[in-house]
Undergrad: 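Here it is, the structure, as structure tokens.
Reckoned from all heavy atoms, side chains included, excluding hydrogens, waters and symmetry mates. Chain naming here is simple, since letters A, B, ... match the order of the sequence lines and numbering starts at 1 in each.
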Protein chains: 2
Amino acid sequence: MTFIKSIEKAVDVLSCFTLENPLLRVVEISHLTGLNQSTVSRILSTLAKKQCIEQIVPSGKYRLGIKFHQWSAVLRHKTNLPDLARPVMEKLRDSCGEEVTLYGLDENRRICLEAVKSHFDLAKVTPVGKILPLHCGAAGKVLLAYLTPSERKKFISSKGLEKFTPETIVNPEELEMHLEKIRQDGYAVSQGEREKGAYSIVAPIFNQNKKIAASLSVSGPIFRLSETALKKNIEAVQHAANEISVLLSKSNLNHRQNS
Amino acid sequence: MTFIKSIEKAVDVLSCFTLENPLLRVVEISHLTGLNQSTVSRILSTLAKKQCIEQIVPSGKYRLGIKFHQWSAVLRHKTNLPDLARPVMEKLRDSCGEEVTLYGLDENRRICLEAVKSHFDLAKVTPVGKILPLHCGAAGKVLLAYLTPSERKKFISSKGLEKFTPETIVNPEELEMHLEKIRQDGYAVSQGEREKGAYSIVAPIFNQNKKIAASLSVSGPIFRLSETALKKNIEAVQHAANEISVLLSKSNLNHRQNS
DNA sequence: ATAATTATTGCACGATATGAAATAACCATT
DNA sequence: AATGGTTATTTCATATCGTGCAATAATTAT
């Protein structure tokens, strides 16, 4: 299989535009991607010509362009995972009170695809579109756990595992043991692995081919996690995740062939 | 200036994914873009590797992938035109009762960037993300009218002007006259040019450099357009469009330099 | 006004994207 | 299940095209 390198580079350039960094200049992108400045400049010109990005005139910085409004609408429109999952997620939030989030795999990160806010004032709040690491936090570990061993190895060996908190697992073997445990249990619980004081309870969502499609998380401040809440929430998250898996299978089976 | 052709092709491929056609196969894209099947296949493989698209396994069709969730979130997040315009659009809708829509230029089409629903049960309803022609409907003609003559010429000469209804202008000279009139008036009114029985009243939105940024439209069924409603709505649309122009200028001036 | 950083362009080289044809995979029909 | 037809992918040779370097131009900072 042969891939078109300049297209990969263009995607890498566009991937630099994030919630945290929605406005970028040529050099910044050059640093972030490791691409030559000339190359970045030419890629940006091309993307600007095609209206994928636009230049803000006083500053000269670039941001995503009108083309993405089209794609954004397409994404929101059809049977896609977030829309499918939202009602189930709201039910889950109502039963456990805490924030419910949905994560998908994005290169070797995870991205928050959907978030339903907690009823508490003091709570975990994750914006949709936020990109987070895979190796820490139960939602990341669940995504990792159900990859094929080769896919997983590619990630874990790719670069060092960054330490976010004292609880972050940075040892590959230790991480693999955790993942094995997750596969046995069918869920994951983490406490303060990425952000101090926060817990998550997470279960996997599978597509019709039993491949991992997303992870569903309930998360909040650790001090609200009683022994009974833990048990109840594990049960509830697993149930909700299964429900979404079923919806997803049905939805995908619908657009067979010429439909 | 030198553009990277394979990237342009990739964008063309992705542009095939629309509200009407969210699921596509290689041949379909090949026909839509005029690209060789091998090329399309390779572009799709590359985009799939980068998770810009994903293949639905039972059917083999492709759809937009998880990467677009990231970009979609970035788009929604920062000071972008639709979010800026929405409150003003809602006010306008409340004052005139009819659907209010916002259109931007997308290659040589227009795309609905934002829509606020009419209060009436029988009304015009335009989905966000819908792609429509430029040469018919007041919202398209306003976008055309304020392009530079060379930009405009590029579009009008590009290919024949499709006739949607008996009212559609298909003669380039006649169209130019209409556009001149629009520039003099500062607004446009159309009746049944694209869809029979529908009218639109549209005013231009400019950015801080006085370039056309979007067009703002009030539209509904012609039978509700009395002489007084027409006058009132023209006034209201122009006022709202100006308001949005001001907001847009302010917003763009904010992210100067290193902010 | 000057220096420093950043963006763009020309050029020549080497990588690489391309179409045509072949092969493989897939689907529909009987 | 088997066949024929459509669609997807891969191979291969060729010329195109994207690339980095260095120079220039444009911006920004001091």
Undergrad: Which of these nucleotides, C:dA20, D:dT19, C:dT8, is closest to any side-chain atom of A:Y62?
TA: C:dT8
Undergrad: Roughly, in whole Å, what's the span from CG in A:L44 to P in D:dT19?
TA: 12 Å
Undergrad: What's the CD-P distance between B:E28 and C:dC27, to the nearest Å?
TA: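 Computing the B:E28:CD to C:dC27:P distance gives 14 Å.
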Undergrad: Closer to the 5' end of DNA chain C via nearest nucleotide, is it A:T2 or B:T2?
TA: B:T2
Undergrad: What integer distance in Å separates B:L35:CG from C:dG19:C1'?
TA: 12 Å
Undergrad: Given side chains that start at C-beta, do those of B:T46 and A:E8 come closer than 4.5 Å, heavy atoms only?
TA: yes
Undergrad: Answer yes or no: is there a donor N or O on one side and an acceptor on the other, between the side chain of A:H135 and the main chain of A:E162, under 3.5 Å?
TA: yes
Undergrad: Take A:S6 and B:V27, find for each the nucleotide of DNA chain D with the closest heavy atom, and name the residue whose nucleotide sits nearer the 5' end.
TA: B:V27
Undergrad: Report the C-alpha separation of B:Y62 and B:F17 in whole Å, then their side-chain angles, then the decisive distance to 0.1 Å, and conclude whether the ring-ring contact (aromatic ring centres under 6.0 Å, His included) test is met.
TA: CA-CA 9 Å; B:Y62 290 92; B:F17 293 86; 7.7 Å; no
Undergrad: To the nearest Å, how far apart are A:R25 CZ and C:dT5 P?
TA: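 So the two atoms are 13 Å apart, to the nearest Å.
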Undergrad: What are the two closest heavy atoms between B:L19 and A:A73, and how far apart are they?
TA: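 It is CD2-O, 3.6 Å.
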Undergrad: Can you find a side chain N or O atom of B:S41 that sits less than 4.0 Å from OP1 or OP2 on D:dT9?
TA: yes
Undergrad: For A:Q37 and D:dT27, give me the distance from atom CD to atom C1', rounded to whole Å.
TA: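 It is 13 Å, rounded to the nearest whole Å.
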Undergrad: Tell me: NZ of B:K5 to P of C:dG19, nearest whole Å?
TA: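 In whole Å, C:dG19 P and B:K5 NZ are 12 Å from each other.
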Undergrad: Check the distance between C:dA15's C1' and A:K9's NZ and give it to me in whole angstrom.
TA: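 Roughly 10 Å, once rounded to whole Å.
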Undergrad: Here's a test of your reading of the structure: between B:T39 and A:S45, which maps to the more 5' nucleotide of DNA chain C?
TA: A:S45
Undergrad: Using a heavy-atom cut-off of under 4.0 Å over every strand shown, decide if A:S38 touches base, sugar-phosphate, or nothing.
TA: base
Undergrad: Let me know the distance between CZ of B:F3 and C1' of C:dT9, rounded to the nearest Å.
TA: 13 Å
Undergrad: Applying salt bridge (charged side-chain N to carboxylate O under 4.0 Å, His left out), run through B:K211 and B:E151 and close with a yes or a no.
TA: CA-CA 12 Å; B:K211 277 217 65 168; B:E151 291 170 326; 3.2 Å; yes
